[in-house]
Each structure stands twice: as C-alpha cells, then as structure tokens.
Amino acid sequence: MSLLELTSVSKTYRRRGETVHALDAVSFSAQFGEFICLLGVSGCGKSTLLQILAGLEHADGGEVRMEGEPITECHPEASVVFQEHGLFPWMTVERNVEFNMKARGVGKTERGRVAHDFIDRVGLAGFEQRYPHELSGGMRQRVGIARALTTRPRLLLMDEPFGALDAQTRSVMQSQLLELWQAYRATVVFVTHSVDEAVFLADRIVIMSPRPGRVRSIVPVDLPRPRDRADPRFGQCVGEVLALIHEDLRQLVGA
Ligand code: ADP
Ligand code: MG
C-alpha cells in the first residue's frame, strides 16, 4: 500500500457563472518516505491539488486515499507549508512554531520543548522572540517548516515554499529541507515550477500540463544524493524534463 493514492481526481471551480476546469483525472501515488515534486506552469492546478491533499478543498470527482483511508477533511497526519502569508504576523517565532501543536491540544511544557528543538534544527536559535517582519524571507520559511514538522506529519505538503527567495538562499533551503526530510522520513509533496528545483529534490517528478490540469508524465530521478548540479547527469535530467514541458507549452500557444 502507498501512503498516498490519487485516483482520477477532478476539480471544477464555478464562480459567478464562470467555470474553470482546474484538474482532470489526476492519478498518481506516493510511497512511504518518498519525495514527490509536482511540476508545471502557473495555472495548471498544482495549488488546487495540494489543497485537496490537505483536505482544504474538495475534489468533485475521483478519490484521494492516505494509508487506504479517503481524505475528506484536514488530516491530522498532514502539515502544509505555503509560499507566503503562512505565519501569523502578530506572533513571535516561538508562538508561530508552537501553533500547530497548540491547535492539537499539546500541553504548554511539551510545546515549548518541541518548539525549541525544531527552532534549533532549522538554525533559528536566538530568534525565538522575533516577529515575522523582523526576519528575512528564508528565515520566515524556516519558521514555517519548523512549525509544520512539530506534529511529526507523515505527509508534508509544500506549495512553492522557496518561490520568493533569491537563488542562493533557495539552494541553501533546498539542502536543509532534504536533511530534515532524511531525518524525519516524512512523505513530501512539493509544488514548484522550477525544473532545477524538482530535479534537485525529487525521487519522482509528477509533471502536470495545463487547461485542464492533467498528469503529463511521471519522471523518476535516479541520481545519487546529495545531488550535484555540476554532475552532467543532473543537466541531462533537467534537459529531459524541460523537453516534456516545452512540448506542452507549444501545444498551449498553438505553435
Ligand atoms: P497553480 O497553482 O498551478 O498555478 P491553481 O491551482 O492555483 O494553479 O489554479 C488552477 C486554475 O484554477 C487556474 O485557472 C485558477 O485561476 C483556477 N482557480 C484556482 N483557485 C480558484 C478558486 N478558488 N476559484 C476559482 N478559480 C480558481
Ligand atoms: Mg499555485
């Protein structure tokens, strides 16, 4: 059995007479401990799919199962990291990191202990009493990741968490995330529109094509970890994935 199994998931948004067919018959699975990247151009339904996996949106067709059980609402075993606005601006780093535990009824002493452990692990010791606006973009995302991990999720859902970061910070964050993933062995579904990021992170890349969002292909990345961008095989893999995406883009613009 897989940790996560999506079968023919479809979603149509209807709003003020307008209909957007966001997802059409999306199927794939994620094994226990696997790192999956959802890759596709803007508007192909990646965020919609992630929201469905988080139980924040409902699919109107198909099924999502986690460990065999249908996901119909927010799953206690899943945690989400968003691109931005994920932190409460009026709460300190410490309070933000404690939030998911507090929401699950974890006691104050245990919350404090676990929060400090994760703040330390993401390299933010000493910043506990700072507010989000006093932190850099990379530090804010680390707070989000620490908060997501405190409940030891089996499934970590990440929606373009590094999309707003500069290239150097982004690459540091990618390596740090992989270290945490290897330490906690959560299954990760990570949304990105960067081919480089997907090849650096993923065990398998689920490439989505737009209008409506479908699974274009699923590409296993069989490169040893830690991955080296200077390795010619890395560039070769990026080239293969880009070729698949470009084919979609050509069809989209009718070229
Ligand atoms: P991505 O994350 O890949 O950029 P989204 O899942 O955000 O794609 O969006 C997929 C499509 O669904 C887009 O055409 C978008 O405009 C539409 N969409 C997303 N959310 C909503 C919503 N809440 N109401 C109406 N349409 C939406
Ligand atoms: Mg999105």
Side-chain angles (χ1 to χ4, degrees), residues 4 6-28 30 35-64 71-75 78-87 137-138 140-141 144-145 148 155-167 170 173-174 177 187-202 204-219 238 241-242 244-254:
L4 198 62
L6 288 81
T7 316
S8 263
V9 172
S10 299
K11 173 78 184 173
T12 301
Y13 289 108
R14 289 185 184 82
R15 208 178 257 182
R16 293 187 219 102
E18 209 190 323
T19 306
V20 179
H21 195 183
L23 296 173
D24 182 53
V26 170
S27 301
F28 68 90
F35 201 120
I36 297 279
C37 278
L38 287 180
L39 175 70
V41 295
S42 173
C44 73
K46 304 181 298 294
S47 293
T48 299
L49 191 51
L50 209 76
Q51 303 266 340
I52 291 172
L53 295 179
L56 299 167
E57 275 285 358
H58 289 283
D60 38 39
E63 198 177 49
V64 181
I71 297 182
T72 50
E73 54 190 30
C74 290
H75 202 286
S79 277
V80 191
V81 179
F82 299 100
Q83 179 170 357
E84 40 199 345
H85 305 306
L87 303 182
R140 282 200 286 266
Q141 286 310 76
I145 293 168
L155 179 62
L156 182 60
L157 302 167
M158 308 183 85
D159 194 355
E160 307 208 33
F162 307 148
L165 305 178
D166 63 83
R170 189 170 182 156
M173 295 290 292
Q174 289 165 349
L177 173 64
T187 302
V188 180
V189 178
F190 184 107
V191 167
T192 181
H193 59 250
S194 158
V195 175
D196 170 88
E197 185 164 67
V199 172
F200 189 74
L201 296 174
R204 283 189 302 149
I205 305 174
V206 176
I207 303 178
M208 294 181 63
S209 62
R211 297 185 201 167
R214 293 193 171 114
V215 175
R216 172 74 170 77
S217 29
I218 299 179
V219 179
V238 167
V241 173
L242 274 175
L244 289 166
I245 290 176
H246 281 161
E247 203 170 307
D248 273 340
L249 288 176
R250 269 200 300 276
Q251 282 172 12
L252 202 66
V253 297

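Every number for a ligand or one of its atoms is a count from 1 in the order of the listing.
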| said: Quick check against the 3.5 Å criterion: does Ser27 have a side-chain atom that pairs as donor or acceptor with the backbone of Ser8? | reply: yes

| message | Using a cut-off of 2.8 Å, how many protein N, O or S atoms sit around the Mg ion (ligand 2)? | response | 1

| remark: Correct closest heavy-atom pair for Ala59 and Lys11 would be CA-CD, 4.4 Å

| task | Might you point out which heavy atoms bring Ile52 and Ile71 nearest each other, and give the distance in Å? | result | O-CG2, 4.2 Å

| message | Using only atom types and a distance under 3.5 Å, with no angle test, would you say the side chain of Gln141 pairs donor to acceptor with the backbone of Pro161? | response | yes

| message | Does any part of the side chain of Met208, heavy atoms only, come nearer than 4.5 Å to the side chain of Leu23, both counted from C-beta? | response | yes

| request: Determine, stepwise, if the pair Leu6 / Leu49 fulfils side chain to side chain contact (heavy atoms under 4.5 Å, CB included). | output: CA-CA 10 Å; Leu6 288 81; Leu49 191 51; 3.6 Å; yes

| request: Report yes or no: does Lys46 contribute a side-chain atom to a donor-acceptor pair with the main-chain N or O of Leu39 at less than 3.5 Å? | output: no

| Does the Ser79 side chain pair with the main chain of Ala148, one donor and one acceptor, at a distance under 3.5 Å? | yes

| Amino acids contacting ligand 1, non-hydrogen cut-off under 4.0 Å | Tyr13, Arg15, Val20, Ala22, Val41, Ser42, Gly43, Cys44, Gly45, Lys46, Ser47, Thr48

| message | Is there a side-chain contact between Phe28 and Arg204 in this structure, where contact means two heavy atoms from C-beta onward sitting under 4.5 Å apart? | response | no

